[in-house]
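The next block holds one structure in the form of structure tokens; read it before the comments.
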Amino acid sequence: MAHQWRGVVAEYADRLPEHVRERVVTLGEGGTPLVAAPVLSERTGADVYVKVEGMNPTGSFKDRGMTTAISAAAGRGAKAVVCASTGNTSASAAAYATRAGMTCAVLVPDGKIAMGKLSQAIAHGARLLQVDGNFDDCLVAARKLAEVYPVELVNSVNPDRIEGQKTAAFEVVDALGDAPDIHALPVGNAGNITAYWKGYREYAGRLPEAPGGTLPAVATRTPAMWGFQAAGAAPIVLGHPVDQPETIATAIRIGNPASWAQAEAARDDSGGVIEAVSDDEILAAHRVLSAEVGVFVEPASAAGVAGLLRRAAQGHVPAGARVVVTVTGHGLKDPSGPCAPPTAARSCRSGWAPTSCPSRPRSASSSDRTRGDRRCSWVPTTSGCGCRRRAPTSDRGSTRSGSRSRSTTRSRCACSRPRTSSSRSTGRARARSRPTRATWSRVPCGSGWTPSGRRSRACTSCAAT
Ligand SMILES: N[C@@H](CCOP(=O)(O)O)C(=O)O
């Protein structure tokens with residue numbers, strides 16, 4: 001008879017602190033598939049499995065930690081919780097807080113959250129505070145709010161979050177019969193690598209002081225932890241905080257991870273690594289996952305696979321090694337991966353689709369259709385909005401009037417770079433440097449196509465309008 005999964009607190013009660021068990025708030029999280037990935041095994045010469053955390057109730061691994069954090073808060077009689085988020089934490093906190101009858105406030109970087117995640121937080125009734133800053137600024141503000149007001153912080157700086165998230169390591173061992181040789185995963189705020197490492201050590205009987213630490217060991221060993229940050233947001237790799245983290249992998253666009261020291265400890269104690277992968281490597285891995293493995297993930301989730309493929313190509317993956325890669329969130333939360341342009345076009349942000357984009361508008365003008373090479377031809381300049389057209393002749397017919405006036409060209413460019421010396425006023429420059437509604441709306445899609453507007457160029461595959 002099939003086992004009805006009861007959520008991680010009930011399933012691993014004897015290995016969790018007592019205070020998270022007093023009033024359990026659950027949506028049935030955990031028990032996610034560990035999927036064999038023959039394609040990745042073939043490419044790496046290893047025996048690779050993917051832990052599909054997008055199958056959690058709100059579509060990400062955060063639910064494992066949120067059930068314990070919200071349960072603990074509920075047990076203490078909390079009425080409200082707060083978190084800073086790049087999207088997944090807010091969706092999860094909002095859902096579990098609602099389930100517990102609590103108010104949830106979420107602080108997110110304005111314009112930097114994938115539409116699917118934002119929709120979740122709103123749908124679950126969160127009080128949304130969009131901050132003019134990045135995730136790290138949001139976390140500073142959330143910490144202050146929790147100090148001053150009777151509201152509990154449910155980011156992974158809350159130890160109850162780590163307790164819940166460590167159960168993913170238990171599940172891996174339970175499924176494989178022992179710990180893998182290598183566990184690869186993305187690193188953002190670094191709570192997850194911290195939690196997995198704790199879980200693996202506990203299951204191997206190496207933390208006797210932990211809840212359930214006196215229970216018999218389940219695993220005979222622990223894996224090497226391989227963490228991967230996005231190259232534009234790789235503070236641990238660089239050894240210093242990154243003031244303006246930037247990557248297509250919005251979930252790990254973090255410049256100063258809260259669990260930095262713990263992540264380094266996991267790396268060093270396990271004999272592992274933390275490395276950076278480029279956005280193009282992330283997108284390539286995303287394609288492998290979707291088109292070859294059959295698992296659709298959000299872009300950040302592909303960072304672990306990107307890192308594994310890179311290290312395999314460098315000869316760092318021992319033949320036949322058993323490898324688990326955590327893919328952290330579901331692709332439907334942020335469907336931008338398949339239609340994201342390559343780096344050159346992304347940094348330009350002109351709005352021109354790359355040749356690989358499957359979401360080319362069906363209503364392309366005749367010159368667009370005849371233009372063989374649809375790659376972005378905008379290049380950065382040092383004046384104006386920062387972009388200009390390099391080869392105007394190639395799309396002359398696609399402009400409204402056919403004339404090559406500067407204003408027509410500019411109006412096509414939704415670049416959010418700050419204006420430089422040619423700015424008329426500093427105020428205007430600041431306004432331009434912030435994402436406009438148009439650029440913001442394009443973020444979740446990632447295709448580069450502007451939302452429905454005068455040219456009606458909405459992305460036809462992800463419906464980000
Ligand atoms: N990627 C996270 C960032 C917050 O991390 P947490 O570990 O503190 O929850 C998100 O989804 O918001």
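The chain is numbered in sequence order, starting from 1. Below, all heavy atoms of this structure are taken into account, side chains as well, without hydrogens, waters or symmetry copies. Remember, it's 1-based here, ligands and their atoms both numbered in the order they're listed.
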So for K117, does at least one of its heavy atoms come nearer than 4.0 angstrom to any atom of ligand 1? no
among protein heavy atoms, the one nearest atom 9 (O) of ligand 1 is T89 OG1, 2.5 Å
Do R15 and E202 sit within salt-bridge range, that is, some charged N less than 4.0 Å from a carboxylate O? no
Exactly one of K333, R64, K62 should register a salt bridge (Lys or Arg N to Asp or Glu O under 4.0 Å) with E53. Which one does? R64
With heavy-atom distances below 4.5 Å as the criterion, would you say the side chains of V273 and R311 are in contact? yes
Calculate, to the nearest 0.5 Å, the distance between atoms CG and OG1 belonging to N88 and T328 respectively. 7.0 Å
Can you list the atoms of ligand 1 that are under 4.0 Å from a heavy atom of N155? 4 (C), 6 (P), 8 (O), 9 (O)
Measure across P180 and P223 and return the closest heavy-atom pair with its distance rounded to 0.1 Å. O-CB, 3.2 Å
Per-atom filter on ligand 1: closer than 4.0 angstrom to a heavy atom of R161 are 6 (P), 7 (O), 9 (O)
Here the pair of heavy atoms bringing T86 nearest to K117 is O-CD, 4.1 Å
Does atom CZ (R99) have a neighbourhood of more than 12 heavy atoms from anything else shown, all under 6.0 Å? no
Can you tell if the side chain of T222 reaches within under 4.5 Å of the side chain of W197, non-hydrogen atoms only? yes
Work out whether the distance between some heavy atom of I254 and some atom of ligand 1 is less than 4.0 Å. yes
A251 heavy atom under 4.0 Å from ligand 1: yes
Give the atoms of ligand 1, by number and element, whose distance to some non-hydrogen atom of S85 is under 4.0 Å. 10 (C), 11 (O), 12 (O)
Using a plain distance cutoff, I'd like to know if S90 has any nitrogen or oxygen under 3.5 Å from a nitrogen or oxygen of ligand 1. no
May I ask whether G87 has any heavy atom positioned less than 4.0 angstrom from an atom of ligand 1? yes
Could you list which atoms of ligand 1 come closer than 4.0 Å to a heavy atom of F135? 3 (C), 4 (C)
What protein heavy atom is closest to atom 2 (C) of ligand 1, reported as residue, atom name and distance in Å? K62 NZ, 3.1 Å
Can you pull out the closest protein heavy atom to atom 6 (P) of ligand 1? Residue, atom name and distance to 0.1 Å, please. S156 OG, 3.4 Å
